[in-house]
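Working notes, beginning with the structure itself.
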Amino acid sequence: MIHALYVQFIKPVFFLFDAETIHDSVTSFGELLGKFSITRFLTAYFFFYKNKTALRQEIAGVVFPNPIGLAAGFDYEGKLIQILPYVGFGFHTIGSVTYGSYEGNAKPRLGRLPKSKSLLVNKGLKSTGAKKIIRKLKGMPIEIPLGISIAKTNSEKTNTDKTGVEDYIKTAELFDRSGLGTYYEINISCPNAFGGEPFTTPKKLERLLVQLDKLSLKKPVFIKMPIELTDHEADELLKVIVKHNVVGVIFGNLAKDRTNPALNKDELTKIGKGNFSGKPTWKQSNRLIAFTYKKYHKKLVVVGCGGVFSADDAYHKIKLGASLVQIITGMVFEGPQLIGEINRGLVKLLEKDGYQNISEAVGTLNK
Ligand SMILES: Cc1cc2nc3c(=O)[nH]c(=O)nc-3n(C[C@H](O)[C@H](O)[C@H](O)COP(=O)(O)O)c2cc1C
């Protein structure tokens, strides 16, 4: 019923207005809902779903109550920390957070492609800066694992290897000292920032990870990977990653290629600069999950991200090798009840396949 309400009434109204204005209003509303026990209770009444036996997993020492998390890029400043557990999420990444602040690229920088089931993103690592976010998070109760996505400040000043690495390190140090966050996501793959994706060659990634190792971070580290890699290119990066203090990889970030067959040609002619989420990321994400699981599952946890719109989609990524699944675009198109629906659907799919817990299904298509 909530799905019909969202898709037939709420979404058409939302889609009449500028995408970023709606996104900002929704996150501010979510922040308000999270402040009071009555609104948290009501949110849970409509959205929350739990099944500890089937969905709970412990990964890298962190307990995830279910495998569905909010990906980086929806909650830049941690406004939704108090409400997302009641929506039914199993974990939540905030950011990307950068050391310096940046107001973001020129507007409009967020668009919708309904026929392609995609969002156009050209935010350019908008961030209020790590220090401000740490001040905001201090003392906040954390109910589900909270990831901090760390990216390089979008500025000419951080554009050399040396200054770029230093910038990541300063943010990681600040968070590590603050004790905030349950895990870190190092975002090496933001495609719409100054200088492109600077740490996506093996040599440069090695430089970054050597310095990160030196921090001996107290929380597990994941790497948010680019999505348009061949298996060979991914392998070259993964060979570097497994030598360092990294527990897992997330496949992946936004798609850049405008010849992507999942993009509707009419929609493409009408939109401006930016990169694509949602269905245009689905196939590549799945291929890279499968490749990484087959070759590295003993060394790396794989997190699937890109184009999940249903329980079947999430289950497919899990069977390919993802232990956890992240989502943004599916929720924007289908509504916030999607998280509970996916978790409920996963329990049914697990039962059908005779599994007691989600961890038994991970990678079954690639064993
Ligand atoms: C509006 C928007 C902003 C994003 N910003 C970030 C970001 O700051 N850092 C990051 O690692 N990924 C960012 N992403 C990428 C998402 O985390 C995710 O990788 C991508 O959207 C694919 O997942 P989806 O199809 O479920 O949306 C952003 C995505 C969207 C839609």
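If you're wondering where the values come from, they're calculated on a predicted model, not measured in any experiment. One is the number of the first residue; the rest follow in order along the sequence. Both ligands and their constituent atoms are indexed starting at 1 by order of listing.
- Considering each of D313, I150, V121, the one bringing a non-hydrogen atom nearest atom 2 (C) of ligand 1 is V121.
- Judged purely by distance below 3.5 Å, without hydrogens or angles, the side chains of T163 and T160 pair a donor atom with an acceptor atom.
- In this structure, of S127, S277, S118, the residue bringing a heavy atom nearest to atom 21 (O) of ligand 1 is S277.
- Under a 4.0 Å criterion applied to the non-hydrogen atoms of I327, ligand 1 contributes the atoms 26 (O).
- Considering backbone and side-chain atoms together, A72 places an N or O closer than 3.5 Å to an N or O of ligand 1.
- Every atom of ligand 1 is numbered from 1 in the order shown, and the set under 4.0 Å from a heavy atom of C305 is 18 (C), 19 (O), 22 (C), 23 (O).
- Each of Y6, F15, F14 was compared with F333 under the ring-ring contact (aromatic ring centres under 6.0 Å, His included) criterion, and only F15 meets it.
- By the 3.5 Å distance cut-off applied to N or O atoms, K224 is counted among the residues near ligand 1.
- The closest approach between any non-hydrogen atom of W282 and ligand 1 is not below 4.0 Å.
- Of all atoms in ligand 1, listed by their number and element, those nearer than 4.0 Å to a heavy atom of L110 are 1 (C).
- Close N/O approach between L119 and ligand 1 is not found [any backbone or side-chain N/O within under 3.5 Å].
- Residue contacts with ligand 1 include G306, since one of its heavy atoms falls under 4.0 Å from the ligand.
- At least one N or O atom of N187 sits closer than 3.5 Å to an N or O atom of ligand 1.
- The cationic atom of R207 (NZ for Lys, CZ for Arg) does not lie both less than 6.0 Å from the six-membered ring centre of F199 and within 45° of the ring axis.
- Each of L180, L137, L80 was evaluated against I94; a single residue qualifies, L137, per the side-chain contact (heavy atoms from CB on, under 4.5 Å) test.
- Near A71, meaning under 4.0 Å from one of its heavy atoms, ligand 1 places the atoms 17 (O).
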Inset, instruction - Could you walk me through whether D24 and K79 pass salt bridge (charged side-chain N to carboxylate O under 4.0 Å, His left out), step by step? - result: CA-CA 10 Å; D24 291 346; K79 287 183 174 180; over 6 Å; no

